Amino acid sequence: MLCRDCEERDDWKEAVRKKRAAEQPQPPTSLRGKLRNFPDSVRDYVTDPTARFLFARRLGVLTILLIGVLLLIPPIAAVVGALFVSPNTGMEWFDQAITTITTVSNTPRNTLAWAFTGLFGLIYFAHVAERERNDPTGWAGEWNPPKWYTLAVYSAIGLYGAVTLILVAVGSAPMGRQFGARIFWFIGSVGIAYQIKDALRLDLVRMVWKPRRELWEFPARYGFVLALTAFAVGPPASLPTFTTPLLAALTPAISTAYIIARLPHDRVFRDKCIAAQDRLLELLRIRDNDDN
């Protein structure tokens, strides 16, 4: 217990800060110590559950590692060939590695875009599954109105855009509506991708129901990435162009399904519906009495 006077004293607060700082393990100052501590620092950087953009951290570190591996392949091939075969073989392996990397970089843009999108999906699914296993609820505060209300608004906007894009694709709507439909779809899908995690967390914290984040958060957000890729470079070569508006409908459709799935579990919403029904019946009874 602390008295209020002690709690409000600036010198006491400063002393507490210094004491806490002294109790924390001090980072090494020498170069050898920093290098020895570097793997632990990276591990803490990519596993900090309080980080605001944890997936962006992990994706950045993984990207740096992949680029580093690609850059190291030619010299490693040269060194291995020179040491275990002959210097000429090392140079040949070096040239072959450079040629292979150059060939991959010259792959058609459509193929590269979908390959990276697929790799991104695998990485993001692994991230969401890890968070579901180790931090199922995450952090969630109190919002008013609840996040699912906002999610419903974005779902309606995104669905309108996606359905219009499908109608344009089948010829049931004029081509002039395509640009506006894409705007509606984009606004709705961005809102869904931003709100879906908070909506899930808030339902878990309030114990409304127990949705699994990898079954809702992953497809809602990854569907947005798939649709963006399709809009940017077209669908994969083996699929028809009609695939693009179908992919656009994926994110708002999943968000709408989530809202419908949660409503039977929401006691607050159910009580409001019952109260509104009772009020409507009361108004109808009053009106019937006035008519009589």
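By convention here, the first residue in the shown sequence is residue 1. In this text, all values refer to a predicted model and were calculated from it rather than measured experimentally.
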Practice prompt. Report the C-alpha distance between W148 and V208 in whole Å, list the side-chain angles of each, state the deciding distance to 0.1 Å, and finish with yes or no for side chain to side chain contact (heavy atoms under 4.5 Å, CB included).
Written response: CA-CA 12 Å; W148 75 268; V208 176; over 6 Å; no
Less than 4.5 Å apart, side chain to side chain, heavy atoms only: is that true for R131 and K197?
no
Practice item. Report yes if some heavy atom in the side chain of L151 is under 4.5 Å from a heavy atom in the side chain of K147; otherwise report no. Key: no
Checklist line | Stepwise side chain to side chain contact (heavy atoms under 4.5 Å, CB included) test for F125 and Y222 | finding: CA-CA 9 Å; F125 181 81; Y222 188 56; over 6 Å; no
*Output, in order, the C-alpha distance, side-chain angles, deciding distance and verdict of ring pair (Phe, Tyr, Trp, His ring centres under 6.0 Å) for F120 and F55.*
CA-CA 11 Å; F120 176 85; F55 177 67; 5.6 Å; yes
### Message
Looking at E282 and R279, is any side-chain nitrogen of the basic one under 4.0 Å from a carboxylate oxygen of the acidic one?
### Response
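Salt bridge: no.
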Checklist entry - Do R133 and E214 meet the salt-bridge criterion of a basic N to acidic O distance under 4.0 Å? => result no
Give a yes or no answer on whether the side chain of [X] reaches the backbone of [Y] with a donor-acceptor pair at less than 3.5 Å.
| X | Y | value |
| --- | --- | --- |
| T243 | L239 | no |
| N110 | P235 | yes |
| W185 | A248 | yes |
| W93 | P75 | no |

Open item on the list: Evaluate I254 against L250 for side chain to side chain contact (heavy atoms under 4.5 Å, CB included), listing each step before the verdict.
Closed with: CA-CA 6 Å; I254 291 172; L250 187 60; 3.9 Å; yes
I192 versus P252, closest heavy-atom pair with distance: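 Answer, listing the atom of I192 first, then P252: CD1-CA, 3.7 Å.
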Nearest heavy atoms of L54 and Y45, plus distance in Å:
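What the structure gives for the nearest pair is CD1-O, 4.2 Å.
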Rounded to the nearest 0.5 angstrom, the CE-CZ distance for M175 and R177 is 12.5 Å
Checklist entry - Taking everything shown except F242 itself, do over 12 heavy atoms lie less than 6.0 Å from its CZ? => result yes
Should the heavy atoms of other residues, nucleotides or ligands under 6.0 Å from CZ of F231 be counted, would the total exceed 12?
yes
In sequence, state the C-alpha distance, the side-chain angles, and the governing distance for F224 and L228, and then conclude on side chain to side chain contact (heavy atoms under 4.5 Å, CB included).
CA-CA 6 Å; F224 178 55; L228 282 180; 3.6 Å; yes
Only residue of D203, I196, L202 satisfying side-chain contact (heavy atoms from CB on, under 4.5 Å) with L200 is I196
